Amino acid sequence: MRVYNTISAQKEDLIPIKDKHINMYVCGVTVYDYCHVGHARSAIVFDVIRRYLSYRGYDVKFIRNFTDIDDKIINRANELGIGWDELSKKYTSEFYHDMDLLGVGRGDIEPKATEHISEMIEIIAQLIESGYAYSVDGDVFYEIEKFKDYGKLSKKDISKLEAGSRVNVDKRKRNPFDFSLWKSSKPSEPSWESPWGQGRPGWHTECSAMSKKYLGETFDIHGGGADLIFPHHENEIAQSEALSGKTLANYWIHNGFITIDKEKMSKSLGNFFTIRDILRLYDPEVLRLFLISTHYRSPIEFSEDQLRDVEISVDRYYSTMLRVEEFLTLKGHAKKEPDLSSLQKIVSSAINRFTEVMDDDFNTAQGVGIIFELIREINRFLDTKQKGSSADVLIKQAMSLIRQFSDILGIFTKTPDTWQISLMKTKVIPLKESDIAELIENRNTARAGKDYAASDKIRADLDKMGIILEDRMGKTTWKVKLNYKV
RNA sequence: GGCGGCGUACCCAAGCGGCUAAGGGAGAGGUCUGCAAAACCUUUAUGCGCCGGUUCGAAUCCGGCCGCCGCCUCCA
């Protein structure tokens with residue numbers, strides 16, 4: 001397997017520290033508000049990476065943290081007039097709510113900053129002791145110039161950074177880029193006791209403390225959004241490696257941004273959609289497929305047109321599943337031996353191709369492409385109406401491949417029925433399933449009597465309410481019209 | 001100013017030196033159908049921002065130019 005490593009800026013062979021074991025630490029979220037689509041992307045990207053590594057036989061230990069104390073949390077809680085811990089608890093559970101819908105699995109361990117204060121204090125004390133940090137009036141700063149490799153991850157030359165170009169520099173710092181390890185607190189703020197007085201830890205320290213505690217001084221993969229490269233991950237390296245003298249993580253993996261009108265989606269710009277904004281309009285699988293249809297390091301321009309296209313793709317998948325179910329329940333045999341060669345060919349190469357593209361830096365976009373090639377071949381074969389036991393076997397084989405790939409990507413978890421039910425909700429279809437069944441019944445009676453005017457009227461009426469009918473193999477099925485608008 | 005990335009058909013998107021430039025959407029024509037829908041077939045880049053160069057061979061490597069974006073602040 002090859003993965004792109006931010007620190008070497010190239011793809012490298014993935015060689016675990018311990019044979020067939022992968023320890024990975026991914027930076028989670030600061031729980032002070034609902035997650036937006038950018039958070040969803042990061043979570044999904046690392047969820048897929050984790051699933052794929054498991055699929056490839058690695059025993060993966062996956063850590064994802066929660067930052068549950070920081071300035072944003074305190075400020076937000078003050079605005080709302082509630083406790084900071086109440087706020088962080090609320091948004092932790094909102095995070096789970098969204099991630100569960102998106103099919104993002106839990107971490108094996110999900111450490112919280114506030115549960116590791118003593119570990120952080122320990123690290124800070126050691127940094128002071130070994131000369132990498134200094135305290136000033138209850139605050140502690142890391143002195144970046146003491147760490148000679150500072151900047152190696154983000155490729156920054158300290159002397160060329162534009163200090164204070166966008167933010168006022170704290171005069172007490174020896175270098176403008178020295179960062180806070182410990183912040184003294186005002187009387188009204190949440191605080192913990194420390195050798196430097198009451199205060200709270202700086203953001204970067206939690207990941208150094210928690211990754212060390214759960215994965216040791218050196219682990220395999222460290223991940224997060226590309227915006228964490230600097231300063232967050234750079235600072236983690238500075239803290240951890242200064243003390244251990246060892247490499248913190250062998251591979252640094254960072255996902256690209258979501259953009260809107262070419263600009264990064266972010267809280268500060270205000271150009272974001274929350275996950276639940278989108279899930280009101282689209283099934284979670286649509287969002288998930290949309291996000292993995294582009295390589296994880298490329299930017300994704302967020303657009304509703306694109307979501308609509310992806311929704312059609314998902315619908316195409318479930319339509320094919322339905323056709324397959326119908327085909328497999330059919331009795332009888334074709335007169336001649338079915339021609340399986342075309343489907344056979346793609347089925348026999350699919351696993352190798354899928355593995356090959358995913359082995360190459362987790363190319364989910366190509367993986368998705370392979371699934372849709374299989375779908376086309378299945379449909380093509382189904383169109384030949386060649387029934388037979390050899391055909392059934394091959395179709396089932398193709399289906400099980402699609403199942404395997406979809407499970408790795410975490411998509412297509414529904415049945416054709418539950419997909420339609422989900423669509424009825426998101427499209428707000430003003431009908432019940434029983435209503436539809438009754439109208440289909442009426443229409444079939446009309447059709448039997450060749451009263452096509454009456455049957456077409458029923459079909460047109462249903463269409464207006466967002467339901468499309470399909471007459472296939474002597475049966476009428478219905479589906480939700482995707483471009484239906486209330 | 002420093003560092004990094006991107007520009008592939010009407011839209012999205014893969015491709016990272018050598019098979020007909022994946023896949024999805026959209027448009028057009030066709031097959032099937034009572035008519036539809038779905039599905040399938042054909043079709044839409046002799047072409048990969050522009051100009052040079054390296055090479056037997058480049059969307060892929062190198063140089064220049066144009067355009068867009070990111071990081072250098074909290075940020076997934």
Side-chain angles (χ1 to χ4, degrees), chain A residues 6 9 11 26-30 35-46 70-72 151 154-169 177 203 223-232 234 254-259 261-269 272 289-290 293-295 297-301 303 305-316 319-320 322-323 353 357 360-361 363-373 375-385 447 450 452 455-456 459-460 463 468-472 476-479 481:
Chain A
T6 305
K11 285 185 199 170
V26 175
C27 288
V29 293
T30 300
C35 288
H36 61 60
V37 178
H39 299 110
R41 181 180 196 188
S42 186
I44 288 170
V45 161
F46 289 101
D70 97 323
D71 292 357
K72 291 193 293 291
S154 54
K155 316 283 182 279
K156 292 197 189 308
D157 181 345
I158 303 171
S159 62
K160 297 233 173 78
L161 294 177
E162 281 190 19
S165 66
R166 292 161 76 186
V167 146
N168 290 332
V169 175
F177 289 96
W203 174 38
D227 42 6
L228 299 183
I229 295 170
F230 189 90
H232 186 54
E234 195 71 70
H254 294 98
N255 64 275
F257 302 128
I258 306 276
T259 60
D261 294 329
K262 299 282 183 97
E263 278 192 318
K264 180 184 166 189
M265 178 185 287
S266 74
K267 276 287 169 67
S268 42
L269 288 170
F272 62 89
L289 181 59
F290 169 69
S293 292
T294 299
H295 184 86
R297 282 189 284 114
S298 304
I300 298 181
E301 171 71 12
S303 90
D305 285 352
Q306 242 20 69
L307 278 174
R308 234 172 271 132
D309 288 353
V310 171
E311 184 178 57
I312 293 169
S313 299
V314 175
D315 194 59
R316 178 171 155 77
S319 296
T320 303
L322 188 62
R323 289 190 78 195
R353 290 205 298 139
V357 299
D360 185 11
D361 200 27
N363 197 328
T364 54
Q366 279 193 289
V368 169
I370 291 170
I371 291 178
F372 279 99
E373 282 178 46
I375 286 173
R376 191 187 59 230
E377 283 303 330
I378 289 171
N379 274 315
R380 189 184 285 174
F381 180 78
L382 258 32
D383 273 1
T384 68
K385 301 195 169 89
R447 289 180 75 212
K450 296 206 189 264
Y452 292 123
S455 75
D456 288 354
R459 186 170 64 193
D463 186 89
I468 291 171
L469 298 184
E470 294 181 5
D471 300 319
R472 199 171 49 240
T476 301
T477 55
W478 60 268
K479 60 189 288 183
K481 186 178 177 179

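Naming: A, B, ... by sequence-line order, numbering from 1 per chain. What you see is a predicted model; the values in this text were computed from it and never measured.
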Chemist: What is the distance from NZ of Lys262(A) to P of rC69(B), rounded to the nearest Å?
Modeler: 7 Å
Chemist: With both distances kept under 3.5 Å, what pairs with rU54(B), Watson-Crick or G-U wobble?
Modeler: none
Chemist: Considering only heavy atoms and no angle criterion, is a donor-acceptor pair shorter than 3.5 Å present between the side chain of Asp70(A) and the base of rC74(B)?
Modeler: no
Chemist: Contact class for Gly38(A) (heavy atom, under 4.0 Å): base, sugar-phosphate, or nothing?
Modeler: base
Chemist: Do Phe272(A) and Ile258(A) come close enough that some side-chain heavy atom pair is under 4.5 Å?
Modeler: no
Chemist: Can you sort out the partners of Phe257(A) under side-chain contact (heavy atoms from CB on, under 4.5 Å), two or more places apart, ordered by chain and number?
Modeler: Ala226(A), Asp227(A), Lys264(A)
Chemist: Using the P atom on both, measure rG18(B) against rA13(B) and round to a whole Å.
Modeler: 23 Å
Chemist: Could you tell me which nucleotide pairs with rA9(B) by Watson-Crick or G-U wobble geometry, both distances under 3.5 Å, or answer none if nothing does?
Modeler: none
Chemist: Could you tell me the Watson-Crick or G-U partner of rC32(B), where both distances fall under 3.5 Å? Say none if there is no partner.
Modeler: none
Chemist: So does Glu263(A) get a backbone contact from the side chain of Asp261(A), meaning a donor-acceptor N/O pair under 3.5 Å?
Modeler: no
Chemist: May I ask you to say what Gly28(A) touches in the nucleic acid, namely base, sugar-phosphate or nothing, with a heavy-atom cut-off under 4.0 Å?
Modeler: sugar-phosphate
Chemist: For Glu373(A), which contact category applies under a 4.0 Å heavy-atom criterion: base, sugar-phosphate, or nothing?
Modeler: sugar-phosphate
Chemist: Let's test your reading of the model: under 3.5 Å, does the base of rC35(B) pair with the side chain of Arg459(A) as donor and acceptor?
Modeler: yes
Chemist: Starting at the 5' end of nucleotides 13-20 of chain B, put B wherever the base has a protein heavy atom under 4.0 Å, S where only the sugar-phosphate does, and a dash everywhere else.
Modeler: SSS-----
Chemist: For nucleotides rU55(B) and rC50(B), find the distance between their P atoms and express it as a whole number of Å.
Modeler: 23 Å
Chemist: Using whole Å, report how far NZ of Lys264(A) lies from C1' of rC68(B).
Modeler: 17 Å
Chemist: More than 12 heavy atoms of other residues, nucleotides or ligands under 6.0 Å from CG of Asp157(A): is that the case?
Modeler: yes
Chemist: Can you find an N or O donor on one side and an acceptor on the other, under 3.5 Å apart, linking the side chain of Arg297(A) with the base of rG5(B)?
Modeler: no
Chemist: Can you tell me how far C1' in rA22(B) sits from the matching atom in rA28(B), rounded to whole Å?
Modeler: 23 Å
Chemist: When all nucleic acid strands are considered with a 4.0 Å heavy-atom cut-off, which category describes Tyr452(A): base, sugar-phosphate, or nothing?
Modeler: base
Chemist: Round to a whole Å and report the spacing from CG of Asp383(A) to P of rU33(B).
Modeler: 12 Å
Chemist: If you look at every strand shown and take non-hydrogen atoms under 4.0 Å, does Leu469(A) touch a base, only sugar-phosphate, or nothing?
Modeler: base
Chemist: Quick one: look up who rU46(B) pairs with, Watson-Crick or G-U, both distances under 3.5 Å, and put none if it's unpaired.
Modeler: none
Chemist: If you measure from the Lys or Arg side-chain nitrogens to the Asp or Glu carboxylate oxygens, is any gap between Asp383(A) and Arg323(A) under 4.0 Å?
Modeler: yes
Chemist: For Lys267(A) and rC74(B), what is the distance between atoms NZ and C1' respectively, to the nearest whole Å?
Modeler: 11 Å
Chemist: In Watson-Crick or G-U wobble terms, both distances under 3.5 Å, what is the partner of rC16(B)?
Modeler: none
Chemist: Kindly compute the distance separating CG (Asp463(A)) from CG (Asp456(A)), expressed to the nearest 0.5 Å.
Modeler: 11.5 Å
Chemist: For Lys156(A), which contact category applies under a 4.0 Å heavy-atom criterion: base, sugar-phosphate, or nothing?
Modeler: base
Chemist: Between the main-chain N or O of Val357(A) and the side-chain N or O of Gln366(A), is there a donor-acceptor pair closer than 3.5 Å?
Modeler: no
Chemist: Could you tell me whether Asn379(A) contacts a base, only the sugar-phosphate backbone, or nothing, with contacts defined as non-hydrogen atoms closer than 4.0 Å?
Modeler: sugar-phosphate
